[in-house]
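These figures come from a predicted structure and were not determined experimentally.
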Amino acid sequence: MMRSGSASVGSAGARADRRVHACPAVRKRARLLGLSLAAICGSGRKGRITPADVARYAAGGAPDSEARPAD
């Protein structure tokens, strides 16, 4: 029996909209820090989230794309 209006459905639905590309070590690091990978912008190839991206986000820094001046 499906329950409509469940609080977890909204968060799972938002997560499903954006596919997150990260290796298992990055996923584990983010989980240990209590971070959502969906909120982190990846700077790696094809938008992959790197360990540096997780560290930068945890420190409250801007992603590389915003920190670098446009060419």
Keeping the roles fixed (side chain from R48, backbone from G42), state whether a donor-acceptor pair exists under 3.5 Å.
-> no

Could you tell me the separation between the CG atom of D53 and the CG atom of L35, rounded to the nearest 0.5 Å?
-> 11.5 Å

Approximate separation, where rounding is to 0.5 Å, of R29 CZ and C23 SG = 12.5 Å

Side chains of H21 and I49 in contact at under 4.5 Å (non-hydrogen atoms) = no

Heavy-atom check, side chain of V26 versus side chain of T50, under 4.5 Å = no

